[in-house]
Amino acid sequence: MLDWIKVAGKLAYDRPTRERLLGYRPVVICLIQSLERDAFLFVQPAAGRGAWMPPQEGIEPNCSIEDATRQCLDVELGISRNQMHYRRSVWLGRRSIPEREGSRDVEFSIRPMQGKAYYASLSRVAEDTPLSCNPAEVSAHQWLTPSEIRGRLDGNSQRKVELMRLSLAKMTGIEL
């Protein structure tokens, strides 16, 4: 009986769990702001060398957005827990996936995969923090000011551009 109460509580109060159960894969977009100036750490994903974006990480079941952010920064950039200052996170909304064959199901879902549920998190890191990029995830990284970010949006899909604009606006008030 106690286990069912815990499950009901998770469903009612834990949005990533609720989204997963409804067929949306929870993802956090990790905005990393410099401690010294108005700049953000962007990466070029290993798979798409023309795109520049903040690091992203799927949110595992029973994992908080803060823990997923820490895991992302550790795995992709080698930034440890004591080198980052986690600030906060916000809900960005759901995005449906285009119809395609063999789409991956979401683990522990009661429905087939519908799309992704996006969150944004804001962390602050010193620019002189040594980074060790995971070559399977990241091909390059760079600290970019908001005006430099605007100039790098062309290599991204329209969906990614929309998510970056929304996450920067909600987390920092910066309009791209």
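Checked against ring-ring contact (aromatic ring centres under 6.0 Å, His included), W91 has the following partners two or more places apart in sequence or in another chain: Y119. Not counting sequence neighbours, the partners of R95 by the side-chain contact (heavy atoms from CB on, under 4.5 Å) test are Y118, R159, E162, L163, L166. Applying the side-chain hydrogen bond (donor to acceptor under 3.5 Å, both in side chains) test to K170 and every residue at least two apart in sequence or in another chain returns nothing.
Hydrophobic cluster membership differs between L122 and M84, with clusters built from Ile, Leu, Val, Met, Phe, Trp and Tyr side chains linked at under 4.5 angstrom. Hydrophobic clustering (ILVMFWY, side-chain heavy atoms < 4.5 Å, transitive): L22 and L92 are in distinct clusters. There is a path of hydrophobic side-chain contacts, each under 4.5 Å, that joins L168 to V27. There is a path of hydrophobic side-chain contacts, each under 4.5 Å, that joins L131 to L73. Residue I29 is grouped with residue F40 when hydrophobic side chains (ILVMFWY) are merged at heavy-atom distances under 4.5 angstrom, including chains of intermediate members.
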Are S123 and T69 close enough, and set up right, to give a side-chain contact (heavy atoms from CB on, under 4.5 Å), and what steps lead you there?
CA-CA 8 Å; S123 299; T69 299; 3.6 Å; yes
I would like to know whether Q142 and R152 meet side-chain contact (heavy atoms from CB on, under 4.5 Å); could you show each step before the answer?
CA-CA 11 Å; Q142 191 171 3; R152 303 270 177 107; 3.0 Å; yes
Would C133 and L77 count as a side-chain contact (heavy atoms from CB on, under 4.5 Å) if you check the C-alpha gap in whole Å, the side-chain angles of each, and the deciding distance to 0.1 Å?
CA-CA 4 Å; C133 295; L77 300 167; 3.9 Å; yes
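Scanning all heavy atoms of the two residues, the minimum distance from V28 to A120 falls at CG2-C, 4.3 Å. The shortest non-hydrogen separation linking P135 to A46 is O-CB, 3.5 Å. Residues E57 and A68 come closest through the heavy atom pair CG-O, 3.7 Å. Scanning both residues, E127 and R37, for their nearest heavy atoms gives OE2-NE, 2.7 Å. Residue S121 comes nearest to M171 through the heavy atom pair C-CE, 3.8 Å, listed as atom of the first residue, atom of the second, then distance. For P55 against I32, the heavy-atom pair with the smallest separation is CG-CD1, 3.8 Å.
A 4.5 Å side-chain heavy-atom check between D154 and W52 finds every atom pair outside the cut-off. In this structure, S34 and L41 have side chains that are not in contact, with every pair of non-hydrogen atoms separated by 4.5 Å or more. The shortest side-chain heavy-atom distance between M53 and Q44 does not fall under the 4.5 Å cut-off. Proximity of D38 to Q33: side-chain heavy atoms (C-beta onward) are separated by under 4.5 Å at one or more points. Two residues are said to be in side-chain contact when any heavy atoms from C-beta on lie closer than 4.5 Å; C30 and P54 fail this criterion. Residues L35 and V125 are not in side-chain contact: their nearest non-hydrogen atoms beyond the backbone lie 4.5 Å or more apart. Looking at heavy atoms from C-beta onward, F42 lies in side-chain contact with M164 at the 4.5 angstrom threshold. Using a 4.5 Å cut-off on side-chain heavy atoms (C-beta onward), I79 and D74 make no contact.
Q114 places a side-chain N or O within 3.5 Å of a backbone atom of P112 that can act as its donor or acceptor partner. Distance alone, capped at 3.5 Å, is enough to place a donor-acceptor pair between the Q83 side chain and the S80 backbone.
With respect to E19 and R25, no salt bridge is recorded, no charged nitrogen being found less than 4.0 Å from a carboxylate O. Salt bridge present: E66 and R70 bring a charged side-chain N and a carboxylate O closer than 4.0 Å.
By the 6.0 Å contact criterion, CZ on R81 is open, its count of non-hydrogen atoms from other residues, nucleotides or ligands being 12 or less.
In the model, Q56 has no side-chain atom that pairs as donor or acceptor with a side-chain atom of K116 under 3.5 Å.
Note that CD of E36 is 7.5 Å distant from CH2 of W143, once rounded to the nearest 0.5 Å. For the atom pair CG (L31) and CZ (R88), the distance works out to 10.0 Å, reported to the nearest 0.5 Å. Taking CG of D67 as the reference point, atom CD1 of I65 lies at 10.5 Å (rounded to 0.5 Å). Atom CZ of R20 is separated from atom CZ of R15 by 15.0 Å, given to the nearest 0.5 angstrom.
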